[in-house]
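Beneath this line is the structure, given in structure tokens, with notes to follow.
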Amino acid sequence: ISAALKQVPTAEYNPFEFIKTNVDGAQNVIDSCLDNKVELVIAIGTDKAVSPSTTYGASKLLMERLFISANLYKGNRNTRFVCVRYGNVLGSRGSIFPIFVDSIIKTGRVTITDPKMTRFNITMKQAIDKDTTTLRDKAINRLLTSPSERELSLENQIYFYRLALAASFILLIYKSL
């Protein structure tokens with residue numbers, strides 16, 4: 001399950017809807033999967049569920065916990081529940097890249113919220129690989145996190161270098177119009 005409300009400011013403004021969607025909705029999916037004898041269910045978490053300080057992060061943490069504990073809740077039924085967690089998936093809906101491009105077009109630079117902040121990014125391919133591995137391994141009763149920062153380092157550096165080149169090209173074209 002990857003359907004969820006994701007916008008942090010909206011969650012703070014309207015926490016009721018986030019709980020209904022991200023928590024109650026997760027429970028509905030779990031019950032429906034059990035009722036329909038689904039073999040394997042993969043829930044997709046977020047890095048914001050680690051020590052959450054926002055309604056969004058807290059709701060996703062609860063979603064993750066529900067899916068992991070569903071392996072006990074299911075009783076003797078054969079459905080298996082797994083939860084994977086990653087950071088920002090570049091190129092997905094809600095990806096940071098369009099914001100970076102917009103910032104480069106408007107200001108010629110990328111605005112950084114806090115220089116000490118760590119942002120965890122993975123490519124769409126890495127996300128798909130993680131989901132495929134999860135399907136193959138059929139792990140249960142645990143949370144599978146995205147590859148370590150060290151594993152992602154070189155691939156992400158190359159990816160961001162390419163993004164920077166693309167953004168520079170966009171800026172060059174934009175200024176020439």
| Which heavy atom of Tyr56 sits nearest a heavy atom of Glu12, and at what distance? | N-OE2, 4.2 Å
| Should Leu66 and Leu61 be counted in the same cluster of Ile, Leu, Val, Met, Phe, Trp and Tyr side chains packed under 4.5 Å apart? | no
| request: Report yes or no: does Asn36 contribute a side-chain atom to a donor-acceptor pair with the main-chain N or O of Ser32 at less than 3.5 Å? | output: yes
| task | State, with a plain yes or no, whether a side-chain heavy atom of Phe67 is found less than 4.5 Å away from one of Val84. | result | no
| field | Within-4.5 Å side-chain heavy-atom neighbours: Lys60 and Asn22 | value | yes
| message | Could you check whether any side-chain heavy atom of Val23 comes within less than 4.5 Å of a side-chain heavy atom of Phe18, counting everything from C-beta outward? | response | no
| So, for Met63 and Ala43, which heavy atoms are closest and what is the spacing to 0.1 Å? | SD-CB, 3.7 Å
| task | Drop me the distance from Lys20's NZ to Asn28's CG, to the nearest 0.5 angstrom. | result | 12.5 Å
| remark: Looking only at heavy atoms, the pair that brings Gly57 and Pro52 closest together is C-CB, 3.4 Å
| task | For residues Glu64 and Gly45, report the shortest heavy-atom separation together with the two atoms involved. | result | OE2-CA, 3.2 Å
| Taking the side chain as C-beta and beyond, is there a heavy-atom pair between Val41 and Thr79 under 4.5 Å? | yes
| Is Arg80 close to Lys74 at the side-chain level, that is, under 4.5 Å between some pair of heavy atoms? | yes
| request: Answer whether the closest heavy-atom distance between the side chains of Phe81 and Ile30 falls below 4.5 Å. | output: yes
